[in-house]
Structure formats: C-alpha cells, structure tokens
Amino acid sequence: GSTAHLCVFDPKTGKLQSPCTGTPQGLSANSTWARGQGWGIYGFTMAYRYTQDESYLDYATSVANYYLNHTGSDNVPLWDFDAVAPQNYKDTSSAAITAAGLLELSRATGDTHWH
C-alpha cells in the first residue's frame, strides 16, 4: 500500500526506463511521503471513475488502508510516515488531499467506511 513517487518512462514508447524509486520529497528514497499517499488515493480513485478499471480501485483501496493504518486518531499524518523527532511534523495538506480522495473512494465503492 505504500507508494513510490518517482518513475521514469521513455517518452516515445512509454516503457519504464528504470525501477520506480522512493520520493525526492520524502525523508528518504525508501520512506513513504504522506502527501504522495494522499495523491495516490485521490488519483487512483479518479482513474477508476473515468476508466472503470477495477485495478485502479483495488490500488486506491490498498493505498487508503496503508494511510489510515499509519496515522493517529486525528488522521493527520506526519509529513513522512517514517519521520521521527525532531522532524516529526504533521502534514495538514496531506490530510486535506486524503480527505478528498476518501470521499471519492466512498462514492466509488458505496462504502461509508471511507468517510
């Protein structure tokens, strides 16, 4: 359910040029940037809406579960899920993006668990 933020594709063929790595915005290449998780929830849910491809919905659900399992009771994550003091800042932008994504996910699945 964790997302990679950086993938490089050949612009002519669309072929993946190298393995997807972590995030340049996160704590490290192997950590999980909270805002990227939020965009993953929102983006894959919207991709499902417009394509009806169930794999997008499955991935959105997986990413959402990861996010919710790695936040506290306020559902506002640390800026990176692996951040520790003194860099353990809350990321309200991530929470806002995720809230929008979870509302869309709830609409797509009919499951009120997501909101």
Side-chain angles (χ1 to χ4, degrees):
S2 175
T3 57
H5 182 171
L6 181 64
C7 296
V8 179
F9 295 89
D10 182 296
K12 292 181 183 174
T13 66
K15 182 179 176 186
L16 185 64
Q17 290 184 325
S18 61
C20 295
T21 62
T23 172
Q25 275 94 358
L27 184 66
S28 73
N30 297 317
S31 66
T32 303
W33 183 47
R35 211 169 291 183
Q37 284 294 112
W39 284 122
I41 296 164
Y42 186 83
F44 285 109
T45 302
M46 297 307 289
Y48 168 75
R49 176 196 280 183
Y50 292 108
T51 66
Q52 296 300 295
D53 181 334
E54 292 283 333
S55 66
Y56 290 127
L57 191 60
D58 292 343
Y59 197 66
T61 300
S62 175
V63 174
N65 281 322
Y66 183 96
Y67 180 100
L68 293 172
N69 288 331
H70 289 84
T71 58
S73 60
D74 64 359
N75 288 328
V76 178
L78 299 177
W79 72 279
D80 189 289
F81 287 108
D82 293 334
V84 295
Q87 296 179 315
N88 57 340
Y89 312 110
K90 294 280 194 163
D91 186 350
T92 54
S93 292
S94 171
I97 297 161
T98 300
L102 292 175
L103 284 172
E104 293 295 338
L105 188 56
S106 179
R107 289 182 185 126
T109 62
D111 186 346
T112 59
H113 161 76
W114 299 114
H115 64 77

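- The aromatic rings of His70 and Tyr66 lie parallel to each other, with less than 30° between the two planes, well short of the 60° mark.
- Checking side-chain atoms of Ser94 against main-chain N and O of Ala34 turns up a donor-acceptor pair under 3.5 Å.
- Using a distance-only test at 3.5 Å, with no hydrogens or angles considered, no donor-acceptor pair links the side chain of Gln37 to the main chain of Trp33.
- One distance of note links OG1 of Thr98 with CG of Asp91; it measures 8.5 Å at 0.5 Å rounding.
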Intermediate values then yes/no, side chain to side chain contact (heavy atoms under 4.5 Å, CB included), Phe81 and Tyr67: CA-CA 9 Å; Phe81 287 108; Tyr67 180 100; 3.7 Å; yes
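- Atoms OG1 and CZ, on Thr112 and Arg107 in that order, are 13.5 Å from each other to the nearest 0.5 Å.
- Annotation: side chain of Thr71 is not in contact with side chain of Val76 (no heavy-atom distance under 4.5 Å).
- Proximity of a side-chain donor or acceptor of Ser106 to a complementary backbone N or O of Leu102 within less than 3.5 Å is not detected.
- Taking a 6.0 Å sphere around OH of Tyr48, one finds it holds more than 12 heavy atoms contributed by other residues, nucleotides or ligands.
- Going from atom CD1 of Ile41 over to atom CD1 of Ile97 covers 10.0 Å, rounded to the nearest 0.5 Å.
- When atom types are taken as modelled, the side chain of Trp79 and the backbone of Gln87 share a donor-acceptor pair closer than 3.5 angstrom.
- No side-chain donor-acceptor contact under 3.5 Å links Ser62 to the backbone of Asp58.
- Side-chain contact between Phe44 and Thr61 is absent, with no heavy-atom pair separated by less than 4.5 Å.
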